[in-house]
There are 2 protein chains.
Amino acid sequence: MKTTRADPQPADFTDVRATNLAVVLRHLRANGPSSRASIAASTGLNKATVSSLTGHLIEQRLLRETGLSGNRIGRPGTALALDGSAYAAIGLQVAADRLTALALDFAGDQLLLWHRALALPGDPAGAAGRSVSAIAALAQRAASRVRQQGRQVLGITVAVPGLVEEGGTVRLSPPLGWSDLDLRGLLSGSLRQPDLDIAVANQASLAALAELRHNGDPRLDLTYVSGASGVEAGIVADGRLLHGARGFTGQIGRFTLGPAGAPTLADLAGIEPLVRRALPGSDPESHTDLAPAVEEVAIRARTGDPATLAALRDTGGHLGQGLALLANLVNPEIIVLGDHYAALAEWILPAAEAELARNTLAPAAGGARLTTSALGLHAAALGGAVSHLDRIDTGSLPARG
Amino acid sequence: MKTTRADPQPADFTDVRATNLAVVLRHLRANGPSSRASIAASTGLNKATVSSLTGHLIEQRLLRETGLSGNRIGRPGTALALDGSAYAAIGLQVAADRLTALALDFAGDQLLLWHRALALPGDPAGAAGRSVSAIAALAQRAASRVRQQGRQVLGITVAVPGLVEEGGTVRLSPPLGWSDLDLRGLLSGSLRQPDLDIAVANQASLAALAELRHNGDPRLDLTYVSGASGVEAGIVADGRLLHGARGFTGQIGRFTLGPAGAPTLADLAGIEPLVRRALPGSDPESHTDLAPAVEEVAIRARTGDPATLAALRDTGGHLGQGLALLANLVNPEIIVLGDHYAALAEWILPAAEAELARNTLAPAAGGARLTTSALGLHAAALGGAVSHLDRIDTGSLPARG
DNA sequence: GTACTTAGTTTAGACGCTAACCAAACTAAA
DNA sequence: TTTAGTTTGGTTAGCGTCTAAACTAAGTAC
């Protein structure tokens with residue numbers, strides 16, 4: 001427990017309590033069901049304190065007893081586990097082509113995963129209006145579903161590509177054609193549930209959260225790289241998302257070095273340019289939904305098509321230069337190639353790794369490990385839900401009700 | 001008080017106490033001398049708590065009463081101020097050409113500022129050995145001096161360009177010709193004071209700390225850009241230094257995009273290349289001490305020499321591209337041009353600002369404000385000392401003694 | 001059945017914050 | 001000069017939370 005806010009922020013016993021409740025929750029999240037005694041032993045908390053804390057959490061329906069764990073000599077312990085039955089968190093993911101909704105219970109189990117086509121019409125103004133309605137409707141449906149199951153909704157977070165302010169305003173999203181759109185406010189208005197926690201955040205950042213939780217080690221410095229819309233990175237440092245002054249972090253796609261008009265990293269290492277180059281004959285309009293095109297590229301690569309392989313190598317090389325930039329600037333322990341990059345990792349990784357090593361100052365000592373995401377195309381939706389679980393795991397228990 | 005460590009870390013009363021001691025210290029640091037009552041009023045702490053906290057701090061000689069502050073109606077308060085007389089912190093800065101030592105008392109007042117020439121010989125191994133001896137000697141002298149004044153030394157931090165691990169090993173420092181040098185260990189051995197807190201850190205990061213304190217707002221997202229050795233950045237996010245997995249952050253100079261051998265940002269926007277270009281006739285060997293050369297460039301610029309001005313514009317433009325990268329990746333509120341860049345800011349800034357704006361995604365909404373450092377060439381030494389004051393300001397009081 | 005081992009609760013105590021009260025020290029006004 | 005009002009700073013009682021130690025509970029080992 002250490003002061004993070006630089007602004008003076010006094011502490012009292014409730015903070016101690018919150019911190020220790022969080023310690024118990026995170027221990028169970030990381031290590032699975034445990035007895036009170038083993039929690040006390042491995043966290044360093046006193047047995048009496050653990051009893052008090054777990055009693056509090058059971059009362060809040062965040063924990064439940066799951067039978068005995070009599071593994072050895074002595075009195076068997078009663079195993080405690082996260083209780084998923086009382087709460088749920090919802091994540092939505094907005095892409096140019098489709099909408100994804102995902103719900104997790106508090107234990108982290110997936111309750112639903114819905115996809116819905118989303119056609120962004122030509123008219124940007126109309127597009128935003130209609131898209132917002134679709135998002136609100138899907139959020140409403142997902143919330144209703146989990147409420148039918150008797151769960152309280154902890155919150156809804158919407159993942160969006162581009163620049164999203166912490167207040168929930170989408171300042172600029174080229175892939176969606178949005179700018180200065182108060183998405184959080186619009187959704188709050190549509191859903192008419194003032195006590196519901198609604199948030200909007202960048203999709204790569206949320207995907208990084210999901211990846212962090214998937215990895216298991218919450219202290220890992222991890223960066224997630226998304227190619228779903230431009231090239232974006234989500235950066236976790238010191239166990240927390242890098243937010244920046246306004247929340248506009250990880251915009252790696254604009255990276256360029258040279259005269260005006262020189263190609264950017266998004267031009268050189270983006271998925272869309274890759275598809276255009278690897279599938280030259282096809283209609284570019286049909287690539288608004290990238291997933292099938294990426295699949296087609298993978299099929300050609302598997303057949304050994306030289307032009308496709310060259311394009312992939314080239315993309316990988318340039319991507320590696322971008323990753324080197326990340327590695328040199330924020331020095332993550334691992335960089336996770338996400339969404340479409342993960343689908344093409346087999347052919348992209350070698351060149352990316354080579355360029356990453358070539359452009360990292362001390363590749364052996366400080367270079368980032370490159371890995372591939374296993375979370376698929378809805379990592380950001382998952383991250384949106386995870387963000388609410390994380391809030392509880394850091395001590396902000398849900399309001400009594 | 002909020003949990004930062006993701007690893008379960010239980011809290012107890014001592015954490016509450018430490019947090020609230022820190023609240024009082026930071027309030028006084030930010031607002032100057034105040035009475036107990038006004039501290040209570042503006043921090044939200046109870047009057048009784050403030051009395052207890054300040055009593056504790058006075059006993060530790062971190063605070064002292066400085067007379068009455070009877071400004072208005074009612075009983076006048078006794079003003080409390082930071083007490084500089086009992087403790088001092090030392091920062092050392094290692095550059096290719098010279099060594100700087102600086103000491104601050106706990107109130108933040110400068111106690112000494114020493115410079116010493118440091119000639120790095122050709123033989124790297126010998127260079128490290130001799131340099132380390134010189135550093136140790138200077139540190140020893142500075143420590144002795146402040147001890148003669150009756151002050152306890154809180155710690156010594158050495159600022160070094162390049163990759164420095166958190167344990168104090170310099171993994172790679174091209175400007176110094178060092179690699180895998182356990183500088184902290186060597187200094188600890190030389191100084192033979194096992195209870196003395198010795199640290200080694202990257203110079204740009206420490207300069208960023210100094211700049212943050214100089215600015216006054218400890219919640220500012222700030223990035224410091226150093227041109228003293230290559231191009232390095234120190235990044236403060238969420239009020240804390242960005243450390244990364246191993247401490248290798250801010251290495252912006254390696255930034256490149258293109259085939260192998262393409263110029264890096266350090267080639268295009270570095271101070272050394274600028275000097276070589278602006279002062280073509282002079283002996284490059286004589287530029288190991290950059291400061292006079294930079295002064296010469298400034299003189300030529302002031303006379304309006306077209307070639308010099310063009311070189312400066314060019315450097316500024318490329319630097320702006322690098323800053324845009326920083327702005328897009330970590331979204332700082334302000335970017336501070338440090339050391340030699342600050343000396344040449346008059347000519348570099350316009351082009352840098354233009355390129356920064358051109359390459360930032362949403363310049364109006366999220367663009368970083370470019371400013372110039374006022375701390376000169378020893379900002380990192382200052383930051384080294386400041387880092388120890390910061391540790392106390394965040395609640396780690398010095399050991400009783 | 002007795003001894004041993006481990007789990008979880010109870011109890012006593014310490015710590016540090018808060019709220020309420022009180023004395024001190026000053027100004028303002030009668 | 002007195003009296004009322006205001007603000008400071010300290011004191012006391014009470015409360016919440018953690019810790020240590022004792023105690024009860026529930027199993028295994030022999």
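Below, read A as the first sequence line, B as the second, and so on, with proteins coming before strands; counting in each chain starts at 1. All values below were derived from every heavy atom in this structure, side-chain atoms included, with hydrogens, water molecules and symmetry-related copies excluded. Just so we're clear, the structure is a prediction, and the values are computed from it rather than from any experiment.
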| request: Could you check how far NE2 of A/His56 sits from P of D/dC18, rounded to whole Å? | output: 11 Å
Could you list all N or O pairs between the protein and nucleotides 19-22 of chain D that sit under 3.5 Å apart?
unit_1 : atom_1 : unit_2  : atom_2 : d
D/dT19 : OP2    : A/Asn46 : N      : 3.3
D/dT19 : OP2    : A/Thr49 : OG1    : 2.9
D/dA20 : N7     : A/Asn46 : ND2    : 3.2

| field | Spacing of A/Arg36 atom CZ relative to D/dA25 atom C1', expressed in whole Å | value | 13 Å
| In whole Å, what is the span from the CD1 atom of B/Ile39 to the P atom of D/dT7? | 18 Å
| task | Report the residues that fulfil side-chain hydrogen bond (donor to acceptor under 3.5 Å, both in side chains) with B/Glu165, sequence neighbours left out, ordered by chain and then residue number. | result | B/Arg171
| Going by heavy atoms in the side chains, are B/Ser396 and B/His388 under 4.5 Å from each other? | no
| Short side-chain N/O contact from B/Thr78 to OP1 or OP2 of D/dG9, under 4.0 Å | yes
| query | Between A/Leu53 and A/Leu68, which is nearer to the 5' end of DNA chain D once each is assigned its nearest nucleotide? | reply | A/Leu53
| For the pair made of CZ in A/Arg75 and P in D/dA26, what is the distance, rounded to whole Å? | 6 Å
| For B/Gln110, which residues count as a side-chain hydrogen bond (donor to acceptor under 3.5 Å, both in side chains) partner, sequence neighbours excluded? | none
| task | For B/Thr249 and B/His243, run side-chain hydrogen bond (donor to acceptor under 3.5 Å, both in side chains): C-alpha distance rounded to whole Å, both residues' side-chain angles, the deciding distance at 0.1 Å, then the answer. | result | CA-CA 6 Å; B/Thr249 58; B/His243 276 110; over 6 Å; no
| query | OP1 or OP2 of D/dG9 sitting under 4.0 Å from any side-chain N/O of B/Ser35? | reply | yes
| request: Go through DNA chain C in 5' to 3' direction and return only the first and the last nucleotide with some atom under 4.0 Å of chain A's heavy atoms. | output: C/dT5 to C/dC17
| said: By the salt bridge (Lys or Arg N to Asp or Glu O under 4.0 Å) test, which pairs, at least two apart or in different chains, include something from residues 28-45 of chain B? | reply: B/Arg29-B/Asp393, B/Arg36-B/Glu65
| said: If I take atom CG from residue A/Leu21 and atom CD1 from residue A/Ile392, how far apart are they, to the nearest 0.5 angstrom? | reply: 11.5 Å
| message | Under the rule for side chain to side chain contact (heavy atoms under 4.5 Å, CB included), what residues qualify as partners of A/Ala86, not counting sequence neighbours? | response | A/Arg61
| task | Figure out the CZ/P separation between B/Phe13 and D/dG16, and round it to whole Å. | result | 12 Å
| request: Could you walk me through whether B/Leu28 and B/Val24 pass the side chain to side chain contact (heavy atoms under 4.5 Å, CB included) test, one step at a time? | output: CA-CA 6 Å; B/Leu28 289 172; B/Val24 171; 4.3 Å; yes
| said: Salt bridge check, A/Arg246 against B/Asp221: does any charged N sit closer than 4.0 Å to a carboxylate O? | reply: no
